Amino acid sequence: QVQLVESGGGLVQAGGSLRLSCAASGIMLRVATMGWYRQAPGKQRELVATIFPGGSTNYVDSVKGRFTISRDNAKQTLYLQMNSLKPEDTAVYYCKELGIDGWGQGTQVTVSS
């Protein structure tokens, strides 16, 4: 059974940074295509960052150059380093393996202007 537990969210001023973590069990991160998603109030959930088994990454245009997705295979943990945060980054952030059902509880990120 896959379990994903997100943490690291909080309230930060615009321009600040946060690092989100996703502790994974029941899945081998090193062979999974993993993503960070976010859902802002009144909006659809969107995929913002992806990391592939070989280590390559992909980002939605709105976060390129500001967010970095990474993983620690030994710790079974996925990360999202978020820099230069903007109010429009405010959302609940989730991690998940692409194409597989099952969401965690997410972690709230709020960026004040």
Side-chain angles (χ1 to χ4, degrees):
Q1 182 179 358
V2 177
Q3 282 194 320
L4 302 166
V5 180
E6 301 93 343
S7 62
L11 174 63
V12 63
Q13 287 189 332
S17 297
L18 284 173
R19 188 176 81 154
L20 306 184
S21 299
C22 170
S25 59
I27 183 175
M28 293 183 69
L29 286 188
R30 63 181 178 87
V31 298
T33 298
M34 296 296 296
W36 281 100
Y37 299 74
R38 67 184 179 188
Q39 187 166 22
K43 295 188 177 181
Q44 287 191 333
R45 196 170 295 181
E46 67 169 340
L47 176 63
V48 298
T50 307
I51 186 165
F52 298 91
S56 60
T57 58
N58 193 44
Y59 301 91
V60 68
D61 284 348
S62 59
V63 308
K64 279 181 181 176
R66 301 188 298 120
F67 289 12
T68 303
I69 186 171
S70 63
R71 65 175 184 244
D72 185 323
N73 295 333
K75 293 183 178 180
Q76 282 282 97
T77 303
L78 185 72
Y79 301 101
L80 186 67
Q81 178 67 43
M82 306 186 297
N83 299 328
S84 302
L85 282 162
K86 304 176 181 180
E88 51 264 44
D89 295 318
T90 294
V92 179
Y93 285 73
Y94 304 86
C95 65
K96 194 178 74 68
E97 182 178 7
L98 270 67
I100 302 297
D101 289 336
W103 297 94
Q105 84 288 348
T107 186
Q108 175 71 48
V109 172
T110 304
V111 184
S112 64
S113 55

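What you are looking at is a predicted structure, and each value in this text was computed from that prediction instead of being measured.
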>> According to salt bridge (charged side-chain N to carboxylate O under 4.0 Å, His left out), does anything in residues 43-57 pair up with another residue at least two apart or in another chain? List the pairs.
In response: Arg38-Glu46

> With sequence neighbours left out, which residue pairs that include part of residues 95-109 fulfil the salt bridge (charged side-chain N to carboxylate O under 4.0 Å, His left out) condition?
Replying inline: none

>> Hydrophobic clusters here meaning ILVMFWY residues chained together by side-chain heavy-atom distances under 4.5 Å, can you tell me if Val12 and Val63 are in one?
In response: yes

> Is there a path from Val92 to Leu80 through hydrophobic residues (I, L, V, M, F, W, Y) whose side chains come within less than 4.5 Å of each other?
Replying inline: no

> How would you list all residue pairs meeting ring-ring contact (aromatic ring centres under 6.0 Å, His included) that involve residues 94-113, not counting sequence neighbours?
Replying inline: Tyr37-Trp103, Tyr94-Trp103

> Does anything in residues 40-77 pair up under ring-ring contact (aromatic ring centres under 6.0 Å, His included), and if so which pairs, sequence neighbours excluded?
Replying inline: none

>> Give me the atom names and distance for the closest heavy-atom approach of Leu4 to Ala24.
In response: CD2-CB, 3.7 Å

> Any side-chain hydrogen bond (donor to acceptor under 3.5 Å, both in side chains) pairs touching residues 68-78, not counting sequence neighbours?
Replying inline: Arg71-Asn73

>> Listing request: all side-chain hydrogen bond (donor to acceptor under 3.5 Å, both in side chains) pairs with a residue in residues 4-31, at least two apart in sequence or in separate chains.
In response: Ser17-Asn83

>> Listing request: all disulfide (SG to SG under 2.5 Å) pairs with a residue in residues 17-90, at least two apart in sequence or in separate chains.
In response: Cys22-Cys95

>> Under the disulfide (SG to SG under 2.5 Å) definition, can you give me all pairs with a residue in residues 30-83, not counting sequence neighbours?
In response: none

> In a check of side-chain contact (heavy atoms from CB on, under 4.5 Å) between Thr50 and each of Thr57, Val60, Leu98, which one passes?
Replying inline: Leu98

>> Just so I know, are the side chains of Ile69 and Leu78 near enough to count as touching, which here means a heavy-atom distance under 4.5 Å?
In response: yes

> What's in the same ILVMFWY side-chain cluster as Tyr79, cut-off under 4.5 Å, chained through other members?
Replying inline: none

>> According to side chain to side chain contact (heavy atoms under 4.5 Å, CB included), who are the partners of Val109, at least two apart in sequence or on a separate chain?
In response: Leu18, Leu20, Met82, Tyr93, Val111

>> Under the rule for side chain to side chain contact (heavy atoms under 4.5 Å, CB included), what residues qualify as partners of Pro53, not counting sequence neighbours?
In response: Thr33

>> Test side-chain contact (heavy atoms from CB on, under 4.5 Å) on Gln105 and Val5; report intermediate values, then the result.
In response: CA-CA 7 Å; Gln105 84 288 348; Val5 180; 4.1 Å; yes

>> Under 4.0 Å between a side-chain nitrogen and a carboxylate oxygen: does that hold for Asp61 and Lys64?
In response: yes

>> Which residues pass the side-chain hydrogen bond (donor to acceptor under 3.5 Å, both in side chains) test with Thr110, not counting sequence neighbours?
In response: Gln108

>> Go through it in stages, so that I can follow the logic: the residues are Ile100 and Val2, the test is side-chain contact (heavy atoms from CB on, under 4.5 Å), and I'd like the CA-CA distance, side-chain angles, deciding distance and then a yes or no.
In response: CA-CA 10 Å; Ile100 302 297; Val2 177; 5.6 Å; no

